[in-house]
Amino acid sequence: MAEMKSVGVVGAGQMGSGIAQLAATSGLDVWLMDADRDALSRATAAISSSVKRFVSKGLISKEVGDDAMHRLRLTSNLEDLCSADIIVEAIVESEDIKKKLFKDLDGIAKSSAILASNTSSISITRLASATRRPSQVIGMHFMNPPPIMKLVEIIRGADTSEETFLATKVLAERFGKTTVCSQDYAGFVVNRILMPMINEAFHTLYTGVATKEDIDSGMKHGTNHPMGPLELADLIGLDVCLSVMKVLHEGLGDSKYAPCPLLVQYVDAGRLGRKRGVGVYDYREATQKLSPRL
């Protein structure tokens, strides 16, 4: 099994930029691709700031940080990923959009390249069906934010080869991550358990059992969770939570996975969480207080 030297990442949002940072600080050459040049600019600033923070805390040396920024290259051209040993997709959580990307990547990537998805719930087998290399397609689900969270969930599709699995596991461990392996069932391991808990927290709020503050405080102090489920939903994005619940409901066919009407309503209203400034909680006033006054 040849050692990986280069990584392509598609999608320069929080997940994609975090994965690119991990790869670069692990001594790999990285192409970060996004069709939106503004997203690439934001990703560069976020990665640079994060790397400097890691250096200041002594988590990595200044030399490693400087080397990482030199290893990072940005592009809006998918074909620039043609030399990557592995390409990790971190785009919107839509099966149709991901399948189209995998089909395009299959025609661009070198024949030995692994195609990985950071999907949190979508079938790897179905994504692989869009390619001519299903044995080299795998799920590589990073937790948010990737540079900090210790877990990578590895998902094997129906045709994922042992070689592909081992190469992906070795790469995740090179990133300093703990790995768990899941078979290709809706939600995999983490979201199969986490998202129904978040959904139940929405039901608890929806039916007036308690306030959002008391629901979160109860779970933080009663079960030692670092964040309450509603706070966590805002961090993840309520649209992502809803998408995963729909996948669980459709994939497992059990009414217990039906999305809470309140979660659906919040998403319909554009209350998507921290990224929009308002979700279960309102973050806009706090942001305004931190903004400089002219």
Side-chain angles (χ1 to χ4, degrees), residues 11-18 34-36 38-39 42 89-101 117-123 126-127 141-146 149 153 186-188 190-216 218-220 225 227-288:
Q14 185 172 6
M15 295 304 295
S17 60
D34 199 297
D36 183 349
D38 289 338
R42 291 191 297 270
E89 163 275 310
I91 63 171
V92 63
E93 193 74 349
S94 162
E95 182 172 333
D96 289 342
I97 295 173
K98 287 182 188 292
K99 285 178 83 169
K100 183 183 182 304
L101 174 62
S117 176
N118 183 55
T119 180
S120 59
S121 60
I122 295 170
S123 168
R126 292 201 299 269
L127 295 181
H141 179 210
F142 291 81
M143 305 297 119
N144 187 19
M149 298 296 282
E153 191 174 33
F188 316 136
V190 174
N191 279 334
R192 175 77 174 266
I193 298 167
L194 174 64
M195 289 301 169
M197 182 188 73
I198 287 175
N199 197 51
E200 194 61 30
F202 271 93
H203 274 296
T204 307
L205 182 62
Y206 180 56
T207 55
V209 174
T211 65
K212 57 183 179 291
E213 293 85 2
D214 281 351
I215 292 166
D216 280 338
M219 293 304 292
K220 283 190 289 187
H225 288 193
M227 296 181 74
L230 299 173
E231 292 175 298
L232 181 56
D234 273 353
L235 178 63
I236 293 169
L238 302 194
D239 53 335
V240 176
C241 295
L242 178 58
S243 175
V244 175
M245 286 308 302
K246 287 179 176 178
V247 169
L248 288 172
H249 191 209
E250 293 167 9
L252 299 171
D254 192 320
S255 61
K256 73 179 181 180
Y257 297 111
C260 175
L262 184 62
L263 173 59
V264 175
Q265 183 184 70
Y266 277 17
V267 173
D268 287 344
R271 298 179 59 159
L272 306 185
R274 286 181 176 270
K275 61 187 174 185
R276 286 287 180 86
V278 60
V280 180
Y281 294 89
D282 193 331
Y283 305 92
R284 292 169 294 191
E285 185 178 345
T287 302
Q288 288 169 2

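Values below: all heavy atoms of this structure, side chains included; hydrogens, waters and symmetry mates excluded.
- In this structure, L194 CG and R192 CZ are separated by 13.5 Å, a value rounded to the nearest 0.5 Å.
- With contacts defined as side-chain heavy-atom distances shorter than 4.5 Å, the pair E231/Y281 qualifies.
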Passes side-chain contact (heavy atoms from CB on, under 4.5 Å), H141 versus N191? Steps please. CA-CA 10 Å; H141 179 210; N191 279 334; 3.8 Å; yes
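- Here the side chain of E153 pairs a donor or acceptor atom with the backbone of V190 at under 3.5 angstrom.
- A186 and L252 make their closest contact through CB-CG, 4.1 Å (heavy atoms, listed as atom of the first residue, atom of the second, distance).
- Annotation: the span from M15 atom CE to N118 atom CG amounts to 4.0 Å, rounded to 0.5 Å.
- Shortest non-hydrogen contact noted between H249 and D254 is CD2-O, 3.2 Å.
- Two residues are said to be in side-chain contact when any heavy atoms from C-beta on lie closer than 4.5 Å; R276 and D239 fail this criterion.
- D234 places none of its side-chain heavy atoms less than 4.5 Å from the side chain of M227.
- With values rounded to the nearest 0.5 angstrom, N199 atom CG is found 12.0 Å from Y206 atom OH.
- Taking 4.5 Å as the limit, every side-chain heavy atom of M195 sits out of range of all side-chain heavy atoms of V247.
- When all heavy atoms are compared, the tightest approach of V280 to R271 is O-NH2, 3.8 Å.
- Side-chain contact check for N144 versus I236: every heavy-atom pair is 4.5 Å or farther apart.
- The closest side-chain heavy-atom distance from E93 to S121 is below 4.5 Å.
- Between G18 and P146, the closest heavy-atom pair is C-CB, 3.8 Å.
- Across all their heavy atoms, L242 and P259 have their closest contact at CD1-CB, 3.5 Å.
- The number of heavy-atom neighbours closer than 6.0 Å to NZ of K246, taken from other residues, nucleotides and ligands shown, is 12 or below.
- Between D38 and R42, some side-chain heavy-atom pair lies under the 4.5 Å cut-off.
- Rounding to the nearest 0.5 angstrom, the gap separating the CG atom in L232 from the CE atom in M219 is 10.5 Å.
- Considering every non-hydrogen atom in both Y257 and M245, the closest pair reads O-CE, 3.0 Å.
- Using a 4.5 Å heavy-atom threshold, the side chains of L248 and P196 count as touching.
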